[in-house]
Amino acid sequence: MLDPRILADDPDLVKAHLMRRNADDSLISSVDRLVELRDNRNALIAEGDELRAARNTLSKQIGALMREGKRDEAEGIKAEVAAGKDRIAAIDEELAQIEAERHALSMALPNLLHDDVPPGNGDEDNLEVRRWGTPREDATESHVEIAEKLGILDVERSTKLAGARFAVLKGHGARLERALINFFLDVHTTEHGYEELMVPYIAHRSILEGTGQLPKFEADLFKLQGELNGQDAFLIPTAEVPVTNLHREEILAGEELPKKYCAFTPCFRSEAGSAGKDVRGLIRQHQFHKVELVWFVEPEKAEEAHEQLTGHAETILQRLGLPYRVMTLCGGDISFSAHKCYDLEVWLPSQGAFREISSCSNFDTFQARRMGLRYRPETDGKKAKPRAAATLNGSGLAVGRTLVAILENYVQDDGSVVIPEALRPWMGGIERITPKA
RNA sequence: GGAGGGGUGGCCGAGUGGUUGAAGGCGGUGGAUUCGAAAUCCACUGUAGGUUCACGCCUACCGCGGGUUCGAAUCCCGCCUCCUCCGCCA
């Protein structure tokens, strides 16, 4: 949610940002509607408060008169109070309608963009920031061929269980997946100062609204049938959802910041609208594993935090010796909630291309406003007013895609795959996976 | 799944339908006292919205949502949640 003050004071600024995102006209005109709704709302609140104030004083008079036994006078005032009652009810009803519309419109507005976000329509307009490593020049087989020859992936049988876009890993494949998860978590908790969380994989609607997946992108989610504990519920598409919402509707103490969490979770995505993309293999699945990094920080320190967080994800790729590049997403490609976003793209030799393996976003105060997450700044030891915190997150990393990258970047001429040295302690010392004879 | 008991301010804990935004205590902040500290004393100490140049004033909030009433923390209904016991279960 945008700062309501910016929305009220400078609607044109908000519109300019919407245009950088290539937003459609209806979204842009909703800004004017929001200004109008705010004015209406304030007028109604003023009138309602005045009527309530009058009611309160009269009711106190009734109480006093009743105690003195002056029944008749009390009855007269009762009638007077009753007269204002209908108007109060009417105002409340109108106000509820206005608030509902205001809420719907403001929850549909995406975040403002950082100045660094380049103009553009799609991923072809993203800006390369830096590269690391030297990509191998030969075109390998795809990870699917490599893995099947190693006997560590069974695509055929997985479809029996739940259809397309699922996979069954076997033997060293399953172990590799598990090793990556533990490697990621151990590095982030012991070297980068993150606290590990294990969280629910199901979240209520309001939680997904908090991080910004809802209300706009319900089609991308798996929704549970019926209600769970009284609310609509969804499988989480990323650990960002439960972890960022952990402190919703709280006021954190300033000295608690920055707060850094990491969490491993499965992620569930319906991949609506991705028909025909990455249909083979592990790249795009309905269910995948991810270790997520989440920060809560003062807004002034969000940019610095964003660089650090991105660096933590990069560390993993570097340890694994996987070549990658860092991209700043353009206005047309950046996600709804993000203020600025770096994608890490790993080299996939079979495709001769860099593919996304991590997305590191700075949300500024956008998510915090949606979920009522605040902190109390420390100013010379004195308590200041609570204000919205900044939130950030990044994959550290997507596990399945890392497995893909290892297979393709470490496959040898004989079809075996060398395990990156840094990972071997988590693989029980195994140095190489070889095809079954 | 069955039975019962709770949810009040940062924390503990009162609260008869009418100056209760909420006693009292703890904690916190400022001040007095002190060479300094402890102890003691005094004052302040929630969030949001509206309004005001500002001091301030007004409104709402006692798990959440509805209802009764001139007036609800207090009465009624629904929901969420926590605890205890029984059953079942990884």
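From a predicted model like this one, the values you see are computed outputs, not experimental measurements. Throughout, a chain's letter reflects where its sequence line sits, starting with A, and its residues are numbered from 1.
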For [N], the Watson-Crick or wobble partner whose two distances fall under 3.5 Å:
| N | answer |
| --- | --- |
| B:rA14 | none |
| B:rA72 | none |
| B:rG46 | B:rC61 |
| B:rC85 | B:rG2 |
| B:rC35 | none |

Minimum-distance nucleotide (side-chain atoms of [X] versus [options]):
| X | options | result |
| --- | --- | --- |
| A:R376 | B:rG71, B:rU59, B:rG46 | B:rG46 |
| A:D49 | B:rU47, B:rG50, B:rU59 | B:rU59 |
| A:P386 | B:rC70, B:rA48, B:rC80 | B:rA48 |

What interatomic distance, in whole Å, is found between [atom1] of [M] and the corresponding atom of [N]?
| N | M | atom1 | answer |
| --- | --- | --- | --- |
| B:rC62 | B:rG9 | P | 10 Å |
| B:rU74 | B:rG63 | C1' | 16 Å |
| B:rA22 | B:rC61 | C1' | 12 Å |
| B:rC53 | B:rA48 | C1' | 23 Å |
| B:rC42 | B:rG65 | C1' | 44 Å |

Rounded to the nearest Å, what distance is computed from the CZ atom of residue A:R248 to the P atom of nucleotide B:rC80?
-> 18 Å

Taking NZ, NE, NH1 and NH2 as the nitrogens, is one of them in A:E271 or A:R165 under 4.0 Å from a carboxylate oxygen of the other?
-> no

With a 4.0 Å cutoff (strictly under), does any side-chain N or O of [X] reach OP1 or OP2 of [N]?
| X | N | value |
| --- | --- | --- |
| A:R102 | B:rG49 | no |
| A:N56 | B:rU59 | yes |
| A:N42 | B:rG50 | yes |
| A:K385 | B:rA48 | yes |

Test side chain to side chain contact (heavy atoms under 4.5 Å, CB included) applied to A:V199 and A:L246, step by step | CA-CA 9 Å; A:V199 296; A:L246 190 67; 5.7 Å; no

Parallel under 30°, tilted from 30 to 60°, perpendicular over 60°: which one fits the rings of A:Y342 and A:H306?
-> parallel

Give A:L58 one of three labels, base, sugar-phosphate or nothing, depending on what nucleic acid heavy atoms sit under 4.0 Å from its own.
-> nothing

Enclosure of A:E50 CD (heavy-atom neighbours >12, cutoff 6.0 Å) | no

Establish, for the pair A:K259 and A:F296, whether the NZ or CZ atom is under 6.0 angstrom from the six-membered ring centre and no further than 45 degrees off its axis.
-> no

